[in-house]
Amino acid sequence: MTKAHNKENIYDVIYEVVRAIPKGRVSSYGAVAAAIGAKSGARVVGYAMNNCTGVKPKVPAHRVVNRNGLLTGKHHFETETRMEELLKKEGIKVKDDKVVDFEKIFWDPLTELGL
DNA sequence: AACATGACGTCGC
DNA sequence: AGCGACGCCATGT
């Protein structure tokens, strides 16, 4: 298990960035990783997402996809369809487990946050 | 302390 | 263009 009472974990930073993603927008693990300083730690971002299942406030992990715009983590949600359902509900179109117009709705924290 | 795993990314074939 | 292998960082055993 985690350190529990540790502060400012790398996850907290990741959650913060993910929560900053506007509705109707999506981001990639690599982009978030770069935003937190771990540009090569895309895997760590995914790891954090896996742990965000019981994190407060709720983390919109469904807005985070891989570099291909593919919903690679849909299997980790409550249900496999949960992720695309949430995305569609926010106005994001999902086709074949892939985000439609991913490049257009892509939200880069490094740019949007002014980093 | 070392090995194995993972919701990724990039290079190579 | 599609598939495979290696590399990166953090976590768990």
Side-chain angles (χ1 to χ4, degrees):
Chain A
M1 300 297 285
T2 56
K3 284 78 184 182
H5 45 82
N6 199 8
K7 61 178 179 180
E8 297 273 335
N9 290 0
I10 181 170
Y11 292 152
D12 285 337
V13 186
I14 297 172
Y15 299 150
E16 200 170 336
V17 175
V18 175
R19 275 185 289 146
I21 302 175
K23 180 186 174 192
R25 296 279 193 167
V26 293
S27 186
S28 64
Y29 299 97
V32 176
I36 65 174
K39 56 181 191 283
S40 302
R43 314 187 81 157
V44 183
V45 177
Y47 218 86
M49 295 296 99
N50 186 11
N51 196 55
C52 87
T53 307
V55 176
K56 306 111 16 191
K58 184 172 176 282
V59 180
H62 58 271
R63 293 184 189 152
V64 185
V65 296
N66 69 346
R67 198 40 183 108
N68 299 304
L70 196 71
L71 284 67
T72 51
K74 58 178 289 180
H75 268 219
H76 291 264
F77 278 77
E78 304 174 56
T79 58
E80 297 183 32
T81 55
R82 184 71 189 206
M83 190 173 185
E84 53 187 276
E85 286 288 305
L86 289 168
L87 290 172
K88 288 178 181 178
K89 195 166 294 188
E90 297 194 351
I92 301 172
K93 300 171 187 169
V94 179
K95 187 72 173 186
D96 190 40
D97 298 343
K98 180 172 61 53
V99 177
V100 180
D101 297 323
F102 173 67
E103 303 177 25
K104 299 179 183 179
I105 63 177
F106 176 71
W107 188 83
D108 188 351
L110 283 173
T111 303
E112 303 301 318
L113 295 178
L115 300 177

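Heavy-atom basis, side chains included; hydrogens, waters and symmetry copies ignored.
- Among residues at least two apart or in separate chains, ring pair (Phe, Tyr, Trp, His ring centres under 6.0 Å) pairs with a member in residues 78-102 of chain A are A:Phe102-A:Phe106.
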- Message: Treating primed atoms plus P, OP1 and OP2 as sugar-phosphate and everything else as base, which nucleotides of nucleotides 6-13 of chain B get B, S or - for protein heavy atoms under 4.0 Å?
- Response: BBBSS---

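- Partners of A:His75 under the side-chain hydrogen bond (donor to acceptor under 3.5 Å, both in side chains) rule, at least two apart in sequence or in another chain, are A:Glu80.
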Just list the side-chain donor-acceptor pairs under 3.5 Å for residues 22-34 of chain A, sequence neighbours left out, or say none.
from    : atom 1 : to       : atom 2 : distance (Å)
A:Arg25 : NH1    : A:Lys104 : O      : 3.3
A:Ser27 : OG     : A:Trp107 : O      : 3.1
A:Ser28 : OG     : A:Ala31  : N      : 3.3
A:Tyr29 : OH     : A:Val64  : O      : 3.3

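- Under the side-chain hydrogen bond (donor to acceptor under 3.5 Å, both in side chains) criterion, A:Asp97 pairs with A:Lys74, sequence neighbours left out.
- Residue pairs satisfying the side chain to side chain donor-acceptor pair (under 3.5 Å) criterion with at least one member in residues 55-65 of chain A, sequence neighbours excluded, are listed as follows: A:His62-A:Glu90, A:Arg63-A:Glu90.
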- Query: Going through the checks in order, is the side chain to side chain contact (heavy atoms under 4.5 Å, CB included) test met by A:Met49 and A:Val18?
  - Reply: CA-CA 9 Å; A:Met49 295 296 99; A:Val18 175; 3.7 Å; yes

Close N/O contacts between protein and nucleotides 2-6 of chain C (under 3.5 Å):
none

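- With sequence neighbours left out, A:Phe77 forms a ring pair (Phe, Tyr, Trp, His ring centres under 6.0 Å) with no residue at all.
- A:Tyr47 is linked by a ring pair (Phe, Tyr, Trp, His ring centres under 6.0 Å) to nothing, counting only residues two or more places apart in sequence or in another chain.
- Looking at residues 87-98 of chain A, you'll see that no heavy atom sits under 4.0 Å from any atom of DNA chain C.
- For A:Lys88, the side chain to side chain contact (heavy atoms under 4.5 Å, CB included) test picks out A:Glu84, A:Val94, with sequence neighbours left out.
- For the pair A:Met83 and A:Val65, the tightest heavy-atom approach, listed with the atom from each and the gap, is CE-CG1, 4.0 Å.
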